[in-house]
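These notes are about the structure you will find just below.
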There are 4 protein chains.
Amino acid sequence: MSSRTPDRTPAEPVTPPGDDRGLRADARRNRERVLRTAQRLFAAHGLGVPLDEIARRAGVGPGTVHRHFPTKEALYLAVAIDRIRRLVAEGEALAGTGDPAALFTLLSRMTASGAENAAVKSALAAAEFDLRDAAPDAAADLTHQVARLLDRARRAGVVRHDVTADEVMAIVAGAFAAIRHAGEDAGQERSAHIAGIILDGLRPR
Amino acid sequence: MSSRTPDRTPAEPVTPPGDDRGLRADARRNRERVLRTAQRLFAAHGLGVPLDEIARRAGVGPGTVHRHFPTKEALYLAVAIDRIRRLVAEGEALAGTGDPAALFTLLSRMTASGAENAAVKSALAAAEFDLRDAAPDAAADLTHQVARLLDRARRAGVVRHDVTADEVMAIVAGAFAAIRHAGEDAGQERSAHIAGIILDGLRPR
Amino acid sequence: MSSRTPDRTPAEPVTPPGDDRGLRADARRNRERVLRTAQRLFAAHGLGVPLDEIARRAGVGPGTVHRHFPTKEALYLAVAIDRIRRLVAEGEALAGTGDPAALFTLLSRMTASGAENAAVKSALAAAEFDLRDAAPDAAADLTHQVARLLDRARRAGVVRHDVTADEVMAIVAGAFAAIRHAGEDAGQERSAHIAGIILDGLRPR
Amino acid sequence: MSSRTPDRTPAEPVTPPGDDRGLRADARRNRERVLRTAQRLFAAHGLGVPLDEIARRAGVGPGTVHRHFPTKEALYLAVAIDRIRRLVAEGEALAGTGDPAALFTLLSRMTASGAENAAVKSALAAAEFDLRDAAPDAAADLTHQVARLLDRARRAGVVRHDVTADEVMAIVAGAFAAIRHAGEDAGQERSAHIAGIILDGLRPR
DNA sequence: TATGAATGAGTCTTCATTCAT
DNA sequence: CATGAATGAAGACTCATTCAT
């Protein structure tokens, strides 16, 4: 590349960056495709999906997967962290509204099923690896976000008092599992119903 | 049982037998050891534990594991079915008491953590294979048992009306996952608390 | 056994003995059943048949097979030697008739298909182990028998002169293989035809 | 070929390609090495040779063998099909010469021993798996080729009339077995002699 | 002695990771 | 940088052989 095109990079970080800053456009596109494909496949078939399969579905070679994610665990992590970042961002936005029931809105969104959340369901519910060990920062951010909303809800009297943010997180993970247990084919409505029942347990008696 | 009815079960083992009737004494002992070891290891480390590891820990050769459980899937199943059988038996006993809240007693027992239930947690929560496909009879028995108790609880007005037996099963699976998510080290009390919150969602508003 | 029944063993060796002299009646019967079953299964499915399968089909436990034939190779050998012994006996009988074409009669009988010879076909044709290494005596006996008949046929001018007994043996092995290649379902007639063509090659031009 | 026809095959490899077209140079080289090693070892020690041994001798890892031949059976097949392809090609060439005795030339070549044919000997003679089931096309091609030459030989009166192409194939298989039976160490001359005697059976009486 | 359960070395196969093209 | 072939350490499973009942 000639020195005539130096003005390209400074404008970059519009979208929340992963670890893909400073990559060539094609490299970034590949990283993104691998990440999305991995989310889809992990969610659908568990963490046992072969990397070669992910590479094939993403339309790249296995070597490319390893260039971006040096080990399989790194790919798990990237998938989970990516989802969590989005949830934290959502929580941030909800916190801005001042709604005392924002906690439930966030939790509902988290459990609202659909392909989008499948990866989180899988990653958290499967518990085959523990996010809190692997990506303490991201997990802490999310828990912290939840803690803020929980605090507010508590002050407004819309949530029971004997529950901690950690427990809320565990219960959300449980809701994921329940939905997943109800079956892939359960449908939005059924899933929402189940999640609703579980979240109802959080309301004051 | 009073000592007045000694002619009923003298030849019968006390615990409900698995598929191990008619085996030689040593074979039954080994089968049992493998099954227990598998429960423990699956619960602790997921379904990915090598069979050779299970064999080693059970103090037998890998061939012995295969004699009793021809494939790894057969071992998963045997573990899960064994646990479910016990739950069904518990449900049977509770049904006999006439307590209208027996449903919650059973669910609490199901979720009551401890090594004993760890395998069910793992087997159901992981959902890496679906019991309802693999052992329809055992799963149906359990659901049926739950349905009976749910019906009674409904008539007594101690459970919300908009929930089905299948949904209760899903919610229990969710509670397993939540407990598991809370961590191996969470302790009985904490686990019971989380399960309690989730089950509270089932009570009438 | 009391000393009052010492007259039993001397009368034994009426049928050509295997290695089963001095066995109890039931033990001998088991040995025989294993041998026949092995012949049948080796012929039908090759030397790879599991010993457990042979045991099961013979209606005995695997331990019993090993009592009589300490290794699998010992069983191969016993099967092959048994067949060869019978062929040598047949050759002996034919040699007594004085028929100059007795060689062809023997060879035809050897190739005459049917279950009876299947084991030899397998054992010789497969050549997965070499009889001449493993049971030099039996093989030498048979070759020697063939040599005698070959010599006589030669003197009568009914066989080509440029062929040795070893080559005749090889050609017979070839005929076995040809019949086997023609298919299990070929039928007596077809098999005889093929064997006939091959043996015709031995006649003087 | 004279130098006057250079425009026919410039871009074509000389040996008929297997399924290795379009492979990278190193991949093709490895595939070839595995194939040749497998031919050699199958011929020398039967189909029971461990894949790991083949890999080791070929100087590749076991995974590489599986990349090219996903199962062991696929490797058997590839070996056998490769040999048959060459024989069909030879038959094709011989058919072009117009020689009425071309059948015998082809059969002699087929039976001509040496390392080259060892694999076919093994594959056909062992009959542990049936080519006609596994690779009907290749086997049919060869039989068809033989049928053509047989027909021509019959019209020229150099072969007996009561023999079919299938029987010729069986007899060739028998000749393989006979040669093999005569021993690895028999030498070209001895092998040719035995094969000659067997093929003589095909000539008119 | 017969049985059949147990053993454990050995087999095929998979797949995360490395490296030549 | 991307590709995809190669690697090789496991993993599930088989089966000849041994040994307790």
Side-chain angles (χ1 to χ4, degrees), chain A residues 23-27 30-31 48-56 59-75, chain B residues 23-31 34 48-56 58-75, chain C residues 23-27 29-30 48-56 59-75, chain D residues 23-31 34 48-56 58-75:
Chain A
L23 290 183
R24 252 167 41 184
D26 57 345
N30 275 340
R31 187 183 193 282
V49 185
L51 279 195
D52 285 22
E53 177 75 10
I54 294 172
R56 205 171 51 72
V60 303
T64 303
V65 175
H66 275 86
R67 166 166 299 275
H68 292 297
F69 309 98
T71 69
K72 199 179 190 186
E73 202 177 329
L75 182 54
Chain B
L23 288 185
R24 240 164 56 179
D26 56 346
R28 180 149 57 215
R29 201 181 52 244
N30 274 337
R31 188 183 193 279
V34 169
V49 185
L51 280 195
D52 287 19
E53 176 76 9
I54 294 173
R56 206 172 51 71
V60 303
T64 300
V65 175
H66 278 89
R67 162 174 288 272
H68 291 296
F69 310 98
T71 68
K72 199 177 189 185
E73 201 177 330
L75 182 54
Chain C
L23 289 184
R24 251 167 43 181
D26 57 345
R29 201 183 54 243
N30 274 340
V49 185
L51 280 195
D52 285 21
E53 177 76 9
I54 294 173
R56 206 171 51 72
V60 305
T64 302
V65 175
H66 276 86
R67 164 167 300 273
H68 291 296
F69 310 98
T71 68
K72 199 179 190 184
E73 201 177 328
L75 181 55
Chain D
L23 288 185
R24 242 165 55 179
D26 56 346
R28 179 148 58 217
R29 201 182 54 243
N30 274 337
R31 188 184 194 279
V34 169
V49 186
L51 280 195
D52 287 20
E53 176 76 9
I54 294 173
R56 206 173 50 73
V60 303
T64 301
V65 175
H66 278 86
R67 161 175 289 272
H68 291 295
F69 310 99
T71 67
K72 199 178 190 183
E73 201 176 330
L75 182 54

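Lettering follows sequence order; numbering is per chain, from 1. Below, each value reflects all heavy atoms present in this structure, side chains not excepted, and no hydrogens, waters or symmetry copies.
Smallest separation of non-hydrogen atoms from C:Asn30 and C:His68: CB-NE2, 4.1 Å. Minimum interatomic distance between D:Val49 and D:Lys72 (heavy atoms only, all atoms of both residues): O-NZ, 2.9 Å. Minimum heavy-atom separation, B:Val65 to B:Ala55: CG2-CB, 3.7 Å.
Look at NE2 on A:His68: it is 8 Å from P on F:dC1, rounded to the nearest Å. Distance CD1 (D:Ile54) to C1' (E:dC12): 12 Å, rounded to an integer number of Å. Distance, D:Phe69 CZ to F:dA6 C1': 15 Å, rounded to whole Å. Distance C:Glu53 CD to F:dT14 P: 13 Å, rounded to the nearest Å. Rounded to an integer number of Å, the gap from A:Arg31 CZ to F:dA2 P is 12 Å. Protein atom CG of A:Asn30 is 9 Å distant from nucleotide atom C1' of F:dC1, rounded to whole Å. In this structure, B:Leu75 places its CG atom 10 Å from P of F:dC13, rounding to the nearest Å. Summarising the geometry, the separation between NZ on B:Lys72 and C1' on F:dA10 is reported as 12 Å, rounded to the nearest angstrom.
Residue C:Ile54 holds its CD1 atom at 13.5 Å from OG1 of C:Thr64, rounded to the nearest 0.5 Å.
Nucleotides of DNA chain F nearest to C:Leu51 and A:Gly59 differ in position, and the one nearer the 5' end is that of A:Gly59. Of the residues near DNA chain F, D:Thr64 and B:Asp52, the one whose nearest nucleotide (by heavy atom distance) lies more toward the 5' end is D:Thr64. When each of C:Val65 and D:Pro50 is assigned the nucleotide of DNA chain E bearing its nearest heavy atom, the one mapping closer to the 5' terminus is C:Val65.
As judged by a 4.0 angstrom heavy-atom cut-off over every strand, C:Pro62 is placed among the base-contacting residues.
Taking every side-chain heavy atom of D:Asp26 into account, F:dA5 is the closest of F:dA2, F:dA5, E:dA5.
Looking at DNA chain E, the stems built from 3 or more consecutive Watson-Crick or G-U wobble pairs, each pair with its key distances under 3.5 Å, are E:2-21 with F:2-21.
Residue D:Arg67 has no polar side-chain atom (N or O) positioned under 4.0 Å from OP1 or OP2 of F:dG4.
A heavy-atom distance below 4.5 Å is found between the side chains of D:Glu53 and D:Arg56.
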